[in-house]
There are 2 protein chains.
Amino acid sequence: MDFFEKTGKVALGSRLRLLTSKVTEDAAKIYELYGVAFSPKWFPVFFVLSEEGGQTITEIAEQIGHSQPSVTRITKEMIKAGLVKDNLKSTDKRRNVVGLTAKGKLLAERIKVQCADIDLAIDSIMAEATHNLWEAIAEWELLLDQKSLLKRVQEQKKIRESKEVRIVAYQPRYREAFRSLNEEWISSYFEMEEADYKALNHPREYILDKGGKIFVALYREEPVGVCALIRMNDPDYDFELAKMAVSPKAQGKNIGWLLGSRVVEAAKEMGASKIYLESNTRLKPAISLYYKLGFQKISGRPTPYKRANIQMELDLESITK
Amino acid sequence: MDFFEKTGKVALGSRLRLLTSKVTEDAAKIYELYGVAFSPKWFPVFFVLSEEGGQTITEIAEQIGHSQPSVTRITKEMIKAGLVKDNLKSTDKRRNVVGLTAKGKLLAERIKVQCADIDLAIDSIMAEATHNLWEAIAEWELLLDQKSLLKRVQEQKKIRESKEVRIVAYQPRYREAFRSLNEEWISSYFEMEEADYKALNHPREYILDKGGKIFVALYREEPVGVCALIRMNDPDYDFELAKMAVSPKAQGKNIGWLLGSRVVEAAKEMGASKIYLESNTRLKPAISLYYKLGFQKISGRPTPYKRANIQMELDLESITK
DNA sequence: ATTAATTAAATAACTGGTTATGCAAAAATA
DNA sequence: TATTTTTGCATAACCAGTTATTTAATTAAT
């Protein structure tokens with residue numbers, strides 16, 4: 001189909017559907033050719049029964065990858081055709097054990113020759129082709145099982161969008177964004193505290209003028225994330241990573257990571273040896289981000305924030321390879 | 001799926017269906033991921049319209065390989081979603097020219113990024129796989145177009161069944177088969193003539209005792225085809241190929257060819273240099289079989305049969321390489 | 001200029017699957 | 001032991017496609 005050359009691989013689903021219908025259409029005609037009153041859709045159920053003998057509806061469904069109602073219907077049709085009988089011996093009255101009738105077993109034998117012919121016909125196509133469809137499908141099943149197409153697209157989206165994110169230094173025009181992005185998540189999870197108001201309303205006085213830094217993440221020139229590096233007055237730590245906030249609208253663009261790495265980098269540039277932070281274990285994505293950035297859990301420091309229940313540090317000297 | 005390792009390639013249709021549904025399922029979630037109110041089944045129609053502009057329902061259907069009613073329904077849904085408008089300018093009031101609305105065009109732009117992401121995601125799968133699914137499908141489309149799966153299976157069946165056919169020399173117990181198989185086709189196409197009755201009722205006297213031969217094709221030990229090599233009293237020809245008959249039930253097993261080749265072989269063994277035959281052009285499969293055996297059309301000989309309107313000969317000396 | 005044939009699209013009815021729901025039997029739990 | 005939860009299946013309703021049929025508009029033929 002020329003059409004699919006134009007669309008590109010995005011239309012893989014449509015292309016697969018078309019090929020599928022072409023193949024099953026011919027399958028119906030093949031049964032006719034062999035004079036067998038058999039519907040292609042019966043095949044998976046019939047095959048399982050001829051190989052394994054008596055099975056329940058749900059067992060069959062699991063094996064062939066159909067839904068249970070689908071197997072129910074197919075067996076009903078085959079019972080009508082006299083190939084299958086149901087409600088075979090079972091102490092558990094919920095279970096419906098299904099098996100082939102004598103006629104069904106006979107057909108199973110007859111069909112074997114037909115299957116051999118089909119196998120050879122498909123092999124002849126494979127021999128003419130340079131790409132092996134059967135193996136390719138098997139691989140896709142495996143690869144999609146490991147990581148779904150959705151997940152893979154999600155990753156591509158993240159990669160692309162993180163390229164569109166720029167991390168810039170704080171400027172007065174971002175003051176409102178710095179405040180509101182932080183207030184948004186703090187007040188939704190906890191309560192704004194005195195220390196929050198001070199830093200958020202007066203970033204210049206409380207952060208920048210004391211030798212700290214603030215970084216802003218821009219996505220399409222809009223500020224969608226912020227993070228501060230606050231100078232600490234402490235013998236153990238040079239800086240605190242704090243006031244990190246990413247807009248929920250901009251989630252999944254790797255912004256936390258980009259901001260965090262930039263803050264760490266800035267600390268390094270200013271010759272810091274240790275960075276401190278405090279957070280709350282309810283904020284799971286944040287905590288796992290801190291771990292990814294190299295922070296380690298510590299304990300025992302006093303803190304002005306009620307919400308802090310976890311403290312972490314990053315030892316810059318130990319990670320410098 | 002382990003199941004398909006057991007079934008073998010016969011279950012290709014089922015396996016394709018399963019993969020197809022897995023892919024389209026994820027496609028729906030991908031649109032959701034990008035915040036687009038769009039159904040995967042719309043894609044082919046939408047794509048055509050965004051590339052080609054205004055098109056009629058049937059034109060679209062042809063391009064994307066769907067049925068016309070399918071396109072009718074899909075466009076209706078897209079009209080409802082405000083992406084498409086129909087009944088655009090056309091002098092021919094039967095035609096329904098469909099095109100994208102402003103909203104549709106906007107979406108077409110937005111969707112491009114998404115398509116690029118999907119393309120990359122699929123490429124990432126391809127990179128992990130050793131067999132290229134996309135190319136494999138393209139090849140199958142082409143190969144099935146050249147010769148359908150049905151046709152290929154038919155060929156395999158013929159090959160297998162012709163191996164189960166044995167050509168044996170005439171014996172008295174085949175007299176009835178020799179007579180009835182011939183009478184069956186002669187009386188259905190033409191009328192039995194005096195010469196027919198003689199040869200069919202008394203094969204020994206009229207054929208064998210005069211130095212001719214009769215061969216019988218057995219399929220599962222049943223006589224299903226016959227052919228005679230009759231000694232001629234003629235300076236030009238040593239033998240006549242005649243009384244070839246194959247049961248309609250046993251058609252498509254290459255029996256005609258097997259009988260014909262055996263008769264020619266027997267003539268050679270007896271040192272013949274030319275074989276003659278006469279037939280009727282209404283019997284097209286027979287005529288084409290004679291050509292395949294190497295016979296050439298000739299003309300001008302007298303014949304005792306009313307139904308004969310074509311005469312052929314095989315020059316054994318010219319074909320002996 | 002009628003009439004017949006063809007074409008385009010809508011509609012109806014079917015197909016082979018799905019998910020959602022309900023019900024009875026069995027197993028687990030209080 | 002009585003009650004709750006779980007299990008297995010049937011049934012209903014839906015979905016994305018199909019083929020067959022109908023209707024209307026146009027073109028071809030008499």
Side-chain angles (χ1 to χ4, degrees), chain A residues 11 13-29 31 38-46 54-81 84 86-98, chain B residues 11 13-29 31 38-46 54-80 84-98:
Chain A
S14 296
R15 194 172 206 178
L16 273 169
R17 198 189 51 70
L18 243 59
L19 181 60
T20 306
S21 77
K22 202 182 255 179
V23 169
T24 41
E25 224 169 75
D26 266 24
K29 287 183 204 150
Y31 286 112
F38 198 88
S39 163
K41 69 174 166 178
W42 295 353
F43 183 80
V45 175
F46 188 81
Q55 303 258 335
T56 69
I57 299 280
T58 341
E59 281 166 2
I60 298 170
E62 267 165 23
Q63 285 186 63
I64 69 175
H66 277 213
S67 66
Q68 163 263 310
S70 167
V71 176
T72 298
R73 189 156 14 177
I74 289 169
T75 47
K76 267 188 187 169
E77 286 181 25
M78 289 203 287
I79 287 167
K80 219 172 176 178
V84 150
D86 68 345
N87 288 316
L88 300 179
K89 34 83 235 232
S90 162
T91 47
D92 186 336
K93 282 175 197 160
R94 291 168 307 177
R95 299 160 60 111
N96 186 354
V97 179
V98 187
Chain B
S14 296
R15 193 172 207 176
L16 274 170
R17 199 190 50 70
L18 243 60
L19 181 60
T20 306
S21 79
K22 202 182 256 178
V23 170
T24 40
E25 225 169 74
D26 266 24
K29 288 182 202 148
Y31 287 112
F38 197 88
S39 163
K41 69 174 163 177
W42 295 352
F43 182 80
V45 176
F46 187 81
Q55 303 258 336
T56 69
I57 300 279
T58 348
E59 280 165 4
I60 298 170
E62 268 165 23
Q63 285 187 64
I64 69 176
H66 277 214
S67 66
Q68 164 263 310
S70 166
V71 176
T72 299
R73 187 153 18 176
I74 289 170
T75 47
K76 267 187 187 168
E77 287 181 26
M78 289 204 286
I79 288 166
K80 218 170 176 180
V84 151
K85 52 183 185 282
D86 68 345
N87 288 316
L88 301 178
K89 34 86 233 234
S90 163
T91 47
D92 186 336
K93 281 176 197 158
R94 290 169 308 176
R95 298 158 60 101
N96 185 355
V97 179
V98 187

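Naming convention: chains lettered A, B, ... in sequence-line order (proteins, then strands); numbering from 1 in each chain.
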Summary of protein contacts for nucleotides 11-21 of chain D, nucleotide by nucleotide, where a base hit scores B, a sugar-phosphate-only hit scores S (4.0 Å, heavy atoms): B----SBBBB-
What residues, two or more places apart in sequence or in another chain, satisfy salt bridge (Lys or Arg N to Asp or Glu O under 4.0 Å) together with Lys22(A)? Asp145(B)
Has Gln63(A) got a side-chain atom pairing as donor or acceptor with Ile60(A)'s backbone, closer than 3.5 angstrom? no
Does Tyr31(A) have any ring-ring contact (aromatic ring centres under 6.0 Å, His included) partners at least two apart in sequence or in another chain, and if so, which? Phe38(A)
Contacts of Asp86(B) that satisfy salt bridge (Lys or Arg N to Asp or Glu O under 4.0 Å) - sequence neighbours left out: none
Sequence neighbours excluded, the answer for ring-ring contact (aromatic ring centres under 6.0 Å, His included) partners of Phe43(A) is Phe47(A)
Report which part of the nucleic acid Thr24(A) touches: base, sugar-phosphate, or nothing (heavy-atom distance under 4.0 Å, all strands). nothing
Strictly by salt bridge (charged side-chain N to carboxylate O under 4.0 Å, His left out), give each pair with a member in residues 64-81 of chain A just once, sequence neighbours left out. Lys41(A)-Glu77(A)
Can you name the residues that form a side chain to side chain donor-acceptor pair (under 3.5 Å) with Thr72(A), not counting sequence neighbours? Gln68(A)
For Thr24(A), give me all partners under side chain to side chain donor-acceptor pair (under 3.5 Å), at least two apart in sequence or on another chain. none
Could you list, one pair per line, each protein nitrogen or oxygen that sits under 3.5 Å from a nitrogen or oxygen of nucleotides 5-7 of chain D, together with the distance?
unit_1: dT7(D); atom_1: O2; unit_2: Arg94(A); atom_2: NH1; d: 3.0

Under 4.0 Å from a heavy atom of chain B: give me the 5'-most and 3'-most nucleotides of DNA chain C that qualify. dT7(C) to dG17(C)
Run the side chain to side chain donor-acceptor pair (under 3.5 Å) test against Ser21(A) and tell me which residues pass, sequence neighbours left out. none
With sequence neighbours excluded, tell me which residues meet side chain to side chain donor-acceptor pair (under 3.5 Å) with Thr75(B). none
